[in-house]
Amino acid sequence: MTTTPSPVWHPFTQHGLGEPIPRIERASGARLYDAHGNSWIDAISSWWVTTHGHAHPRIMAAIRDQSEKLDQLIFAGWTHEPAESLAAELVRITPDPLTRVFFSDSGSTSVEVALKMALGYWYNIGEARSRILVLDHSYHGDTIGAMSVGERGVYNRAWQPLLFDVGTIPFPYEGQEQRALDALEAACAGKPAAFIVEPLILGAGGMLVYPAWVLAEMRSICARYGVLFIADEVMTGWGRTGTRFACDQAGVIPDIVCLSKGLTGGAIPLAVTLCIEPIFEAHLSDDRARLFYHSSSYTANPIACAAANANLAIWRDEPVQARIDTLAEIQDAHLAMLAAHPRVANPRRLGTIAALDVTAPDSGYLSGLTPRLTAFYRDRGILLRPLGNSIYVMPPYCTGAEELAQIWGAIAASIDTI
Ligand code: PMP
């Protein structure tokens, strides 16, 4: 393991703890390799992005090919084939009411775009609606707007004065679903602009799962009150929850959808925000003052779009769903073996994601257990990054039974020894 002094300031990393920072040279499938013959199983898909596996040959080839044709193009008033075919295909595979595709480059920016679209819609049709409703314990990214609609805590305390006020709906814990739905209904009666939600599972909030019928019910409450329904599928999209999109399981058609992470198979940054036609139409005019004022330099970068097109081709041509189903089954079997452990609570699985909580004297993001567990796994060739005392496994879909056995073996050992 290399720990070369470096000027790099890493995200979500406390440099003061002096923990080793492995330097990875290459990756393939579910594995990461350094230059010294060490390897790690990437059990969290490098922050939930890698779906089919690292360096999938078709995605790599698409990136190589596109880089020789067109590297970058201003996207304001200009276009290119990779973006056009990607947008058309995204509209084809998502429900019919979603007709428009706006590009950006990260999950956070796709959320910012979604919020701006929602407020732009109400503003342009002349209704004074600006309040956003959120689900308690949500995470939608780390830009100021995305933090505003996410859980408030130690990770955004310093910026609290900049965060805008939102309406928070309680999380629909088992047995308390109706309470959450009633709270949403009451809040919707106050004519907010939109409700943003992570469908079926709250990721960074601790892999908190709730049932499809609750998602469907939340959607119909919003529809009843004309509140725009934003599905943040940044983490849940591209098969993570067992179906291509989590909303599919609930038969839910959102007004706005955010996609990123697995959009390019996890190879290169790209995001999209899809929306229904009336939102686009509200900005459509011969008046330039009504255009949608959002852009970033790399909007719809052609190389990233080519990678996303390759991802969509993989979904079309390869048995992706079968890989997801197999992974889900194996995850289930391992989780079941640990479920009765006296230190394990709340074992849960949704699609390819399996999670459990370790009972510990302290919990939450700053649980003392977290760095010890992370180091334990790192020393055993596994990249896992528990969220507080919640351990979760969210590997690429190519991860084999043997690798999964190693991951779960390390988890079992960690619970017994730490
Ligand atoms: N929304 C959700 C649900 C997420 O899980 C994340 C990232 N973990 C984001 C948004 C932000 O994505 P990014 O890190 O690409 O900005």
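Note that ligands are numbered from 1 as they come in the structure, with each ligand's atoms numbered from 1 the same way. Note that this is a predicted model, so its numbers are computed, not measured.
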Give the numbers and elements of all ligand 1 atoms closer than 4.0 Å to a heavy atom of Lys261. 5 (O), 6 (C), 7 (C), 8 (N)

So is Ser108 polar-close to ligand 1, meaning N/O to N/O under 3.5 Å? yes

Protein contact of atom 9 (C) of ligand 1 - nearest heavy atom, named by residue and atom, plus distance: Val234 CG1, 3.7 Å

When you measure from the centre of the six-membered ring of Tyr397, is the NZ or CZ of Arg323 under 6.0 Å away and within 45° of the axis? no

Of all the non-hydrogen atoms in the protein, which one sits nearest to atom 10 (C) of ligand 1, and at what distance? His140 O, 3.2 Å

At what distance is the nearest protein heavy atom to atom 6 (C) of ligand 1, and which residue and atom is it? Tyr139 CE2, 3.6 Å

Quick check on contacts: which atoms of ligand 1 are under 4.0 angstrom from a heavy atom of Glu198? 3 (C)

Give yes if a backbone or side-chain nitrogen or oxygen of Gly107 is under 3.5 Å from a nitrogen or oxygen of ligand 1, and no if not. yes

Look at the rings of Phe171 and Tyr210 and say which category their plane angle falls in: under 30° parallel, 30 to 60° tilted, over 60° perpendicular. perpendicular

Presence of salt bridge, Glu318 and Arg58, under 4.0 angstrom: yes

With only distance considered, is Asp232 within less than 3.5 Å of ligand 1 through an N or O on each side? yes

If we ignore hydrogens and angles and just use 3.5 Å, is the side chain of Trp40 paired with the main-chain N or O of Arg378 as donor and acceptor? yes

If we set the cut-off at 4.0 Å for heavy atoms, which region of Trp48 has an atom near ligand 1: side chain, backbone, both, or neither? side chain

For the CZ atom on Phe75, are there more than 12 heavy atoms of other groups (residues, nucleotides or ligands in this structure) within a distance under 6.0 Å? yes

Under 4.0 Å from any heavy atom of Met235, which atoms of ligand 1 are there? 5 (O)

Take Glu81 and Lys69 through the test salt bridge (charged side-chain N to carboxylate O under 4.0 Å, His left out) and record every step on the way to the result. CA-CA 11 Å; Glu81 203 284 325; Lys69 287 188 221 157; over 6 Å; no

For the residue pair Ser414 and Arg380, confirm or rule out a side-chain donor-acceptor distance under 3.5 Å. no

